Amino acid sequence: MLVSGTGSILQALLDACAEPGFGARVVAVGADRDGTGGAARAAAAGIPTFVRRLQDFPDRVSWDRALTQDCVEHKPDLIVAAGFLKLVGADFLSEFGGRLINTHPALLPSFPGLHSVRDALAYGVKVTGCSVILADAGVDSGPILAQHAVPVLDGDDEDSLHERIKVAERSVVVDTVGRMVRNGWSVQGRTVRIGS
Ligand code: GRF
């Protein structure tokens with residue numbers, strides 16, 4: 001898994017992986033910065049962690065290459081980016097394209113980008129939500145695996161709305177990853193089908 005923040009979605013997956021029959025386990029957790037809650041949660045669970053900071057590399061291409069190499073070493077079947085705030089590059093996608101999952105706190109294609117919760121509030125939508133996608137080279141543009149709607153309540157601010165969306169994200173990510181690893185998936189154009 002790749003994280004940049006508190007790692008509550010990672011924690012939900014760790015908890016799910018402990019259930020017999022879930023069908024997956026987290027083999028490693030990578031971060032793009034030091035001191036993330038996500039890495040701390042992984043360490044507490046005895047899972048290997050690594051950090052690749054963009055500023056430690058001369059350019060984005062060499063950062064991407066190092067991150068790809070770190071991930072390859074752990075031989076994952078799937079990579080889940082949950083709150084990972086960097087776009088991966090060509091090397092990463094040539095290795096993991098089609099099996100890199102990203103979760104986004106809005107109903108794509110509405111409100112892509114880093115400020116989706118703020119943007120949805122500013123637009124005045126009454127319903128927003130979360131999208132779990134197969135990441136591609138664009139910003140939140142890949143084929144959609146699953147979505148869940150979340151109401152915007154009177155008086156919501158960015159934090160309260162994001163927290164409500166994250167409750168949905170945790171269960172949608174867990175459900176989607178579980179179904180993918182147990183049943184497989186296929187992609188035709190933009191349409192993804194999980195299971196046969
Ligand atoms: C999620 O809303 C994710 O979609 C967004 O950052 C949040 C991550 O939360 N990009 P956490 O670090 O898993 O608690």
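For the numbers below, each heavy atom of this structure counts, side chains included, while hydrogens, waters and symmetry mates do not. Because the structure is predicted, anything quoted here is derived from the model rather than measured. We count ligands from 1, going down the list as the structure has it; atoms in each ligand are counted the same way.
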Check your understanding: Is the backbone of I133 close enough, under 3.5 Å, to the side chain of N102 for a donor and an acceptor to pair up by distance?
Key ->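 Not a single qualifying donor-acceptor pair exists.
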
Check your understanding: For the side chain of N183 and the backbone of G195, is there at least one donor-acceptor N/O pair under 3.5 Å apart?
Key ->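 Checking the backbone N and O of G195 against the side chain of N183, no donor-acceptor pair under 3.5 Å is found.
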
Does ligand 1 have any N/O pairs with the protein under 3.5 Å, and how far apart?
unit_1	atom_1	unit_2	atom_2	d
ligand 1	2 (O)	H162	NE2	2.6
ligand 1	2 (O)	E169	OE1	2.5
ligand 1	4 (O)	T103	O	3.2
ligand 1	4 (O)	E169	OE1	3.4
ligand 1	4 (O)	E169	OE2	2.5
ligand 1	9 (O)	K166	NZ	3.2
ligand 1	12 (O)	T6	N	3.2
ligand 1	12 (O)	T6	OG1	3.2
ligand 1	12 (O)	G7	N	2.8
ligand 1	13 (O)	S8	N	3.1
ligand 1	13 (O)	I9	N	2.9
ligand 1	14 (O)	T6	OG1	2.5
ligand 1	14 (O)	S8	N	3.0
ligand 1	14 (O)	S8	OG	2.6
ligand 1	14 (O)	K166	NZ	2.7

Point to revise | CZ (R60) with more than 12 external heavy atoms under 6.0 Å | key: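 Enclosed.
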
Point to revise | F111-H104 aromatic ring centre distance below 6.0 Å | key: no

Check your understanding: Checking side chain to side chain contact (heavy atoms under 4.5 Å, CB included) against L87, which of D140, V139, D64 comes through?
Key ->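 Going through D140, V139, D64 one by one, the side chain to side chain contact (heavy atoms under 4.5 Å, CB included) with L87 is satisfied by V139 alone.
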
Check your understanding: Any idea which heavy atoms bring V174 and A16 closest together, and the distance?
Key ->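 Closest approach of V174 to A16, heavy atoms only: CG1-CB, 3.5 Å.
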
